[in-house]
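Below, chains carry the letters A, B, ... as their sequence lines are ordered, and counting in each starts from 1.
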Protein chains: 2
Amino acid sequence: MDARTKILETATRLFATQGYDSTSLSQVARDASVSKALIFWHFETKESLFQEVVSRTIEPYSLEIDLEGLSEPEQLRRLIDLYYEFVTQNLYSVRFFLSLFLRESARPDDLFARIIDLHELYRRQLAEVIERGQRGGTVSHDVDAATHAALITSALNGILVQGFVLPTPSPTPEAIVSRLKATLVDTIQVQ
Amino acid sequence: MDARTKILETATRLFATQGYDSTSLSQVARDASVSKALIFWHFETKESLFQEVVSRTIEPYSLEIDLEGLSEPEQLRRLIDLYYEFVTQNLYSVRFFLSLFLRESARPDDLFARIIDLHELYRRQLAEVIERGQRGGTVSHDVDAATHAALITSALNGILVQGFVLPTPSPTPEAIVSRLKATLVDTIQVQ
DNA sequence: GTCTATATACAGATAGAC
DNA sequence: GTCTATCTGTATATAGAC
């Protein structure tokens, strides 16, 4: 692996676990077994290194979802499962971005916008499925689609954060997600 | 106001908005209009200043809840409202603690334990109300109390985090909370 | 491209006058 | 209690040899 990549991977790991301010380039250099000067040769400043790290981290984030042939309630359950899968598969970087949102001096605003976009896209997709189900008669008309969709994403995010924060959550995240589907999907289902 | 208090309040504001690492004592001194040396006279080190800040911030956190004369489903709704009220009234410090949990080098573990305790206390209280309701016949037996309680706290936390992260959440937090009560309480209510 | 050596700034912390 | 002046370490960043 070339030095540039080595630096990037080391920096990614350190930024993600310690944050921007608490990670020094000396530490990155040491962990990557290169000199500090080499970091500045490959990356203009500490902040541009950080920008590159964030770009590479966010890159695989996407929303490719196949819902063909499923009823609307089934689509909702699938969307919930996919969200949870995605988060558990990207636990490190999700945590990283969440803490970036809450604080941090180096805020790459354009990339934040991308994450918010993805989130809203997901929420809108939930809402659209609910509306389609209401028109098709598989979902109850008692719920406002947008609000219910927002509740689902909130609950998902909350389960996620709880997993980050609490030492060993007594009900497992999986159990809560399954309960989420039971309460937030089954109860608005018609039949 | 005496200098010590001035320092504490300035440090609280800066730590909360910028974090521990990104806040220098020079900045605290400047903003509080005192010399750096005075900070060290009042507080041994930067970290003990931080500890004191955290202690003072967490101090008003408590769980004094009056649920007399309410049916179990009403108690659940009340608990949810109280949680939401508490969080909105302590928005700054809640955000502060959340970001502490996600990162930060200075981790005062004993105080973290206190927050986790409060959280588990609240969750257990929800679970107990549900169980009592099941025994008394006001709550459906279809739900597992502990899991359902965990789902409620997750959803609440998620709504909270969403409020922190998203620019202007299209459904308001209030709307989502009311939807939460409709979906997570009404549907397990008997009658 | 990669290094050693160095410049410069600012961090946390101390000494000592008042 | 509060200050100015200073110490010491380490941070980001640069110069210049190879």
request  = Answer yes or no: are there more than 12 heavy-atom neighbours, outside B:Glu44 itself, under 6.0 Å from its atom CD?
outcome  = no

inquiry  = So, does B:Ser24 get its side chain near the phosphate of C:dA11, meaning an N or O under 4.0 Å from OP1 or OP2?
reply    = yes

ask   = CE of A:Met1 versus C1' of C:dG1: gap in Å, rounded?
value = 17 Å

query = Mapping A:Glu44 and A:Arg30 onto DNA chain D by nearest heavy atom, which one lands closer to the 5' end?
reply = A:Arg30

key: Distance, rounded to the nearest Å, where A:Lys46 contributes NZ and C:dA11 contributes C1'   = 13 Å

ask   = For C:dA11, does OP1 or OP2 lie under 4.0 Å from any side-chain N or O of B:Ser26?
value = yes

key: Whole-Å distance separating the CG atom of B:Asp21 from the P atom of C:dC10   = 18 Å

key: Other residues, nucleotides, ligands: >12 heavy atoms within 6.0 Å of A:Arg4 CZ   = yes

ask   = Whole-Å distance between D:dA13 P and A:Phe43 CZ?
value = 13 Å

message = Without decimals, in angstroms, what is the distance between B:Ile7 CD1 and D:dG1 C1'?
response = 10 Å

note = Regarding the side chain of B:Lys36, the nearest nucleotide among D:dT14, C:dA13, C:dG1 is C:dA13

Ring center gap for A:Tyr61 and A:Phe86 short of 6.0 angstrom = yes

inquiry  = Under a 4.0 Å threshold between the charged nitrogen and the carboxylate oxygen, would A:Glu120 count as salt-bridged to A:Arg123?
reply    = yes

ask   = For the pair made of CH2 in B:Trp41 and P in D:dG1, what is the distance, rounded to whole Å?
value = 5 Å

task = Answer with base, sugar-phosphate or nothing: what part of the nucleic acid does B:Leu38 contact at a heavy-atom distance below 4.0 Å?
result = base

Interatomic distance, A:Phe40 CZ vs C:dA5 C1' [rounded to whole Å] = 15 Å

Separation of atom CD1 in B:Ile39 from atom P in C:dA11, rounded to whole Å = 11 Å

